[in-house]
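Below is one structure, written out as structure tokens; comments come after it.
For ligands, and for the atoms within them, numbers begin at 1 and follow the listed sequence.
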Amino acid sequence: MITEIGTDVEKAAAILKAGGLVAIPTETVYGLAANALDPIAVAKIFAAKNRPSFDPLIIHLAESSQVSEYVSGNVEKLLEIGNKFWPGPVTLLLPKRENIPDIVTSGLDKVAVRIPRHPLTHALLASVPFPLAAPSANPFGYVSPTTAQHVYDQLAGKVDYILDGGAATVGVESTIVGMEGLDLVVYRKGGLPIESLQTSFEGTVRINDFSESNPSAPGMLKKHYSPGKRVVLLENLPADANSDNTALLRFKSPIVGYKHQYVLSESGSLEEAAARLFMGLRTLDTLPVHTVAIEFVPELGLGLAINDRLRRTLAEE
Ligand code: TXA
Ligand code: MG
């Protein structure tokens, strides 16, 4: 298969209608999309990503008016969050209808739903008569792509078309939320800050991150964002690490003397840091060093999602 990169929405729609795979730009990260109602097309996503097991996928829609075609039950309270922040970086876990194939939800009775905010992907979603199932468009175990080129570098030959919508503006995956009783529960910290949820939800907002001990989300493995190098905390630099063999991922300011470093945001903006995070990890991965030393960013706003991804780069196998 030859993978093409372009901005032709009609071509992308034709490929999806024929059961093919298209990488799509969103404000969070690029997704690897297929017709969510076609189990064979969805199976191709797992093959292309080389996922060792099926892991539930988010379905993407053009408009919130379509949500009721795919979900049922008493979902009003949770949908208020969608109606407030969609199109945008938040995903809702809602009780699924039968038209959503089991391969999309890994047999779970809830489906993850999101309306992404990107003009090209909105046009694409509006031009196909089905939702798009799409995980992040990276091979299993690698950081999510934030540009079309990232997707090409890792999935060329495995995806029919890459819709090029430029660099992702948010840069970390969506915040995933659901309801447990009357509480709003955050299962993945992401592009919508917790503070935004807290100010707009009347009731308790709890955090219950996906983890290996939390099998309701089999895919959210603890170690999920690892570059190919040894990753350590800058404050725990091992004795064999030095300014020649170690690259730094810094929040605001470089450290004098280190040749290899990547600064996330010189102005100290967490939004900019999130948008540049995965690009930074990829860049460090290509440098001639054996160790990458990272530091955490302030634990507020998008800092929670950034630090979550950074912690995953550190996790032991
Ligand atoms: O920003 C995003 O969310 C991107 C863009 C492309 O929309 N998508 C994304 O998908 O990050 P993915 O598959 O890489 O991560 C989705 C996470 C997975 O960890 C999966 O286990 C969880 O959502 N998930 C999906 N459906 C679920 C369900 N029905 N119940 C529990 N967890 C679910
Ligand atoms: Mg992913």
Side-chain angles (χ1 to χ4, degrees), residues 21-34 36 42 45-46 48-51 53-61 70-71 78 85-97 100-118 121-122 124-125 131-146 150-151 154-155 162-163 165 168-180 185-192 208-212 214-226 274-275 278 302 305 308-309 312:
L21 299 184
V22 174
I24 57 169
T26 84
E27 78 281 29
T28 57
V29 300
Y30 275 69
L32 182 60
V42 174
I45 294 176
F46 293 100
K49 281 188 62 107
N50 214 2
R51 271 199 182 172
S53 61
F54 293 133
D55 176 24
L57 305 178
I58 298 171
I59 66 164
H60 299 72
L61 298 169
Y70 307 105
V71 311
L78 195 48
F85 296 107
W86 281 338
V90 65
T91 294
L92 307 183
L93 291 185
L94 297 161
K96 84 176 194 76
R97 284 190 192 274
I100 298 294
D102 279 339
I103 188 171
V104 171
T105 60
S106 295
L108 300 172
D109 54 10
K110 287 187 181 164
V111 60
V113 181
R114 182 162 106 80
I115 298 178
R117 185 178 67 221
H118 192 288
T121 289
H122 182 265
L124 179 62
L125 286 165
L132 292 179
S136 50
N138 50 286
F140 178 75
Y142 210 78
V143 295
S144 298
T146 54
H150 291 166
V151 180
Q154 295 189 306
L155 294 179
I162 301 171
L163 197 56
T169 52
V170 174
V172 290
E173 301 87 347
S174 60
T175 302
I176 301 180
V177 300
M179 296 281 295
E180 288 181 20
V185 181
V186 177
Y187 297 104
R188 177 172 73 183
K189 296 168 190 152
L192 182 72
N208 180 14
D209 289 40
F210 290 135
S211 68
E212 276 150 313
N214 180 7
S216 68
M220 202 68 184
L221 299 177
K222 195 168 165 228
K223 188 180 181 80
H224 197 75
Y225 293 92
S226 49
F278 290 149
L302 287 182
D308 170 81
R309 306 308 184 269
R312 286 170 200 282

- request: Give the numbers and elements of all ligand 1 atoms closer than 4.0 Å to a heavy atom of I176.
  value: 17 (C), 23 (O)
message: Minimum heavy-atom separation for V177 and V186, please, with both atom names.
response: CG1-CG2, 3.9 Å
statement: Atoms of ligand 1 under 4.0 Å from any heavy atom of I58, numbered from 1 in the order shown, are 3 (O), 8 (N), 9 (C), 10 (O), 16 (C)
field: Any N/O pair Y30/ligand 1 closer than 3.5 Å
entry: no
task: Examine H60 against ligand 1 and note whether any of their N/O atoms are separated by less than 3.5 Å.
output: yes
- prompt: Nearest non-hydrogen atom to atom 29 (N) of ligand 1 belongs to which of E27, K96, K110?
  reply: K110
- request: For G31, counting its heavy atoms only, list the atoms of ligand 1 lying under 4.0 Å from any of them.
  value: 6 (C)
task: Please indicate whether any nitrogen or oxygen in T26 is less than 3.5 Å from any nitrogen or oxygen in ligand 1.
output: no
Pair S136, E173: side-chain N/O donor-acceptor within cut-off below 3.5 Å: no
query: Of the choices G178, S174, A112, which has the non-hydrogen atom that lies closest to atom 2 (C) of ligand 1?
result: S174
query: Would you say ligand 1 has an N or O under 3.5 Å from any N or O of T91?
result: no
Side chain, backbone, both or neither: the part of R51 lying under 4.0 Å from ligand 1 by heavy atom: side chain
Derivation and outcome, side chain to side chain contact (heavy atoms under 4.5 Å, CB included), residues F278 and N138: CA-CA 11 Å; F278 290 149; N138 50 286; over 6 Å; no
field: Contacts of H118 that satisfy side-chain hydrogen bond (donor to acceptor under 3.5 Å, both in side chains) - sequence neighbours left out
entry: none
- request: Please list, chain by chain and in numerical order, all residues satisfying ring pair (Phe, Tyr, Trp, His ring centres under 6.0 Å) with F46, sequence neighbours excluded.
  value: F54
message: If we set the cut-off at 4.0 Å for heavy atoms, which region of L93 has an atom near ligand 1: side chain, backbone, both, or neither?
response: side chain
task: Give a yes-or-no answer on whether the side chains of R188 and T91 include a donor-acceptor pair shorter than 3.5 Å.
output: no
For A137 against L155, the heavy-atom pair lying closest together: O-CD1, 3.3 Å
message: Among L21, I103, D55, which residue satisfies the side chain to side chain contact (heavy atoms under 4.5 Å, CB included) criterion with I45?
response: L21
- prompt: Does any donor atom in the side chain of S144 or R309 lie under 3.5 Å from an acceptor atom in the other side chain?
  reply: no
Any N or O of K49 closer than 3.5 Å to N or O of ligand 1: no
- prompt: Taking both backbone and side chain into account, is any N, O or S atom of S136 nearer than 2.8 Å to the Mg ion (ligand 2)?
  reply: yes
query: Taking the minimum heavy-atom distance to atom 25 (C) of ligand 1, which of A133, A137, P56, P25 ranks first?
result: P56
